[in-house]
**Q** 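Have a look at the structure that comes next, please.
In what follows, every heavy atom counts, from backbone to side chain, and hydrogens, waters and symmetry copies are set aside. The chain is numbered in sequence order, starting from 1.
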Amino acid sequence: MDAFAVGATTIALLVLSVLYQEVHGGLVGSDINGCDVSHGNWVFDDSYPLYAAPSCPFIENEFDCIKNGRPDKYYLKYRWQPSACNLPKFDGSRILTEFRGKRIMFIGDSLSLNQWQSLTCMLHTAVSKAKYTLVRTGGLSTFTFPEYNLKVLFSRNAFIVDIVASPAGRVLKLDSISTQDEELWLGIDVLIFNTWHWWLHTGRKQPWDLIQVGKQTYTDMDRLVAYEKALNTWASWVNSNVDPNKTMVFFQGVSPDHSNATEWSDPKAINCNAQSKPLPGPDYPGKAHPAEEVVEKVLRSMSKPVHLLDVTTLSQLRKDGHPSVYGLGGHRGMDCSHWCLAGVPDTWNVLLYAALTQN
């Protein structure tokens, strides 16, 4: 019998016995059997990367740094090594088998797209003869392995909360989630949420004109304050609507950028450009990420379990992992926010894999 043949009952057991042990409120922390997997170092491993990008023709051009001409290859060869334990080896065939008939959904911005593309490639290369389909409808992308009836979905949703049109302009409603989104999320077996990247945008990149909380409207507010209000709205939705016996909920930790080299005390660098090696761990020399602190605060307040993929510090150490000038904009742009594939998001998915399969 498949490990998930009993469906919701087994997922309930996984929720109860999943490898993360340290729980504060709703936050299920970054421990694996008592080992903090967010604390460690990047070590050179010649068996890496976990896949070659050309084997996944569906990878977005903006993430395919080798195809875009990146000359150095060492950034592909680093594996995350926690200080006090070993992470399990990713086994894509196990995910395909145990999650037969299930749906895994990433909800968020282009960093969620980054992780979704990584996972679909890791699964595709694990069973390369398995057929797949990829369908995009509006903001929803569905990657299906028909032989396993497994769907891995990505819903583009930069803020999680609602943005609505009004006579006064586009309104970011911090206390509202759209009915369409609610219907999309309900009944999914695994939900992986992410939001932060777009909260700092201003000017032409800002996709809203006003902020609304209740009946009060603002032209702007402290972005961290707005972020926390939105996360509390999302947390209330999870608490009210998610059945932990049927659905596992994850929050992708805040993915850092490397746009300012002074943050890691490198006087010779400006940003991520031409960076070829990780920073030594286990600690990042810069400050703790303020948005990640907000995430943990909100998750601790929740009544339903939410598993934090604690990727912030390990990603902060990877100043070398971004496309820089080998992304979507080429040499006319500088991308120190997204990640090359293969690359850092593969490790995020190793953490996800560990959480989904340990029992």
**Q** Charged N to carboxylate O below 4.0 Å: is that the case for Asp320 and Arg318?
**A**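 The answer is yes: the pair qualifies as a salt bridge.
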
**Q** Indicate every side-chain donor-acceptor pair of residues 75-85 with a distance under 3.5 Å to a residue at least two apart or in another chain.
**A**
| unit_1 | atom_1 | unit_2 | atom_2 | d |
| --- | --- | --- | --- | --- |
| Lys77 | NZ | Asp46 | O | 3.0 |
| Lys77 | NZ | Tyr48 | O | 2.6 |
| Arg79 | NE | Asp45 | OD2 | 2.7 |
| Arg79 | NH1 | Gln81 | OE1 | 2.7 |
| Trp80 | NE1 | Val37 | O | 2.6 |
| Gln81 | NE2 | Cys85 | O | 2.8 |
| Gln81 | NE2 | Asn86 | OD1 | 2.9 |
| Ser83 | OG | His39 | O | 3.2 |
| Ser83 | OG | His39 | ND1 | 3.1 |

**Q** List the steps and the verdict of salt bridge (Lys or Arg N to Asp or Glu O under 4.0 Å) for Asp209 and Arg170.
**A** CA-CA 5 Å; Asp209 304 300; Arg170 301 160 299 176; 3.0 Å; yes

**Q** What I want to find out is whether Glu293 reaches Arg300 closely enough, with some N-O distance under 4.0 Å, to be called a salt bridge.
**A**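 Salt bridge flag = no for Arg300 with Glu293.
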
**Q** Could you tell me whether Lys89 and Asp91 make a salt bridge, using a distance below 4.0 angstrom between a side-chain N and a carboxylate O?
**A**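 A salt bridge is absent here (no side-chain N lies under 4.0 Å from a carboxylate O).
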
**Q** Ignoring hydrogens and geometry beyond distance, is a side-chain donor-acceptor pair present between Asn68 and Asn61 at under 3.5 Å?
**A**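 Short answer, no.
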
**Q** With rounding to the nearest 0.5 Å, note down the distance linking CG in Leu150 to CD1 in Ile95.
**A**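 That separation rounds to 8.5 Å.
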
**Q** Atom CG of Asp181 and atom OG of Ser155: how far apart are they, to the nearest 0.5 Å?
**A**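 OG of Ser155 is found 6.0 Å from CG of Asp181.
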
**Q** Please walk me through it: do Leu119 and Phe90 pass side chain to side chain contact (heavy atoms under 4.5 Å, CB included)?
**A** CA-CA 10 Å; Leu119 182 60; Phe90 183 87; 4.0 Å; yes

**Q** Is the Phe63 to Trp339 ring centre distance short of 6.0 Å?
**A**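 Judged by ring-centre distance (under 6.0 Å), Phe63 and Trp339 do not meet the cut-off.
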
**Q** Would you please indicate if the ring centroids of Tyr132 and Phe145 are separated by under 6.0 Å?
**A**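 Ring centres of Phe145 and Tyr132 not closer than 6.0 Å.
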
**Q** Step by step, would you call Leu351 with Val311 a side chain to side chain contact (heavy atoms under 4.5 Å, CB included)?
**A** CA-CA 9 Å; Leu351 298 182; Val311 303; 4.1 Å; yes

**Q** For Trp116 and Ile107, what are the C-alpha separation, side-chain angles and deciding distance, and is it a side chain to side chain contact (heavy atoms under 4.5 Å, CB included)?
**A** CA-CA 9 Å; Trp116 172 74; Ile107 303 104; over 6 Å; no

**Q** Side chain to side chain contact (heavy atoms under 4.5 Å, CB included) for Leu341 and Glu60? Distances and angles first, verdict last.
**A** CA-CA 9 Å; Leu341 295 179; Glu60 302 276 343; over 6 Å; no

**Q** Out of curiosity, Gln115 CD to Leu352 CG, how far, rounded to the nearest 0.5 Å?
**A**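 Interatomic distance, Gln115 CD to Leu352 CG, rounded to 0.5 Å: 6.0 Å.
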
**Q** Distance from Ile59 atom CD1 to Ile66 atom CD1, nearest 0.5 Å?
**A**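 Separation between the atoms: 11.0 Å.
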
**Q** To the closest 0.5 Å, what do you measure between OG1 (Thr144) and NZ (Lys151)?
**A**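 The distance works out to 3.5 Å.
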
**Q** Would a line drawn from the ring center of His258 to the ring center of His322 be shorter than 6.0 Å?
**A**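 Yes.
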
**Q** Does the side chain of Asn239 pick up a donor-acceptor pair with the side chain of Ser303 at under 3.5 Å?
**A**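 Ser303 and Asn239 do have a side-chain donor-acceptor pair below 3.5 Å.
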
**Q** I'd like to know if the side chain of Thr195 pairs up with that of Trp199 as donor and acceptor (distance under 3.5 Å, no hydrogens or angles considered).
**A**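 Side chains of Thr195 and Trp199: pair found under 3.5 Å.
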
**Q** Could you give the distance from OG1 (Thr233) to CZ (Phe159), rounded to the nearest 0.5 Å?
**A**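 One finds 14.0 Å between OG1 of Thr233 and CZ of Phe159.
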
**Q** Using atom types as modelled and distance alone, determine if a side-chain donor or acceptor of Asp310 lies under 3.5 Å from a backbone N or O of Ser38.
**A**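 Checked: no pair found.
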
**Q** Name the atoms and distances for all side-chain donor-acceptor pairs under 3.5 Å in residues 262-277, with sequence neighbours left out.
**A**
| unit_1 | atom_1 | unit_2 | atom_2 | d |
| --- | --- | --- | --- | --- |
| Thr262 | OG1 | Asn260 | OD1 | 2.6 |
| Thr262 | OG1 | Asn260 | ND2 | 3.1 |
| Asp266 | OD1 | Lys268 | N | 3.0 |
| Asn271 | OD1 | Asn273 | N | 2.9 |
| Gln275 | OE1 | Lys319 | NZ | 2.7 |

**Q** Check this for me: does any side-chain nitrogen of one of Glu147 and Lys131 sit under 4.0 Å from a carboxylate oxygen of the other?
**A**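 Salt bridge flag = no for Lys131 with Glu147.
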
**Q** With a 3.5 Å distance limit and no angle check, can you tell me whether Thr137 reaches the backbone of Leu140 through a side-chain donor-acceptor pair?
**A**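 Flag not set: sc Thr137 to bb Leu140 has no pair under 3.5 Å.
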
**Q** Taking the six-membered ring for Trp and the full ring for Phe, Tyr or His, determine whether the centres of Phe58 and Phe143 are under 6.0 Å apart.
**A**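 For Phe58 and Phe143, the ring centres are under 6.0 Å apart.
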
**Q** What I want to check is whether the side chains of His197 and Ser255 have a donor and an acceptor closer together than 3.5 Å.
**A**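 Side chains of His197 and Ser255: no pair found under 3.5 Å.
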
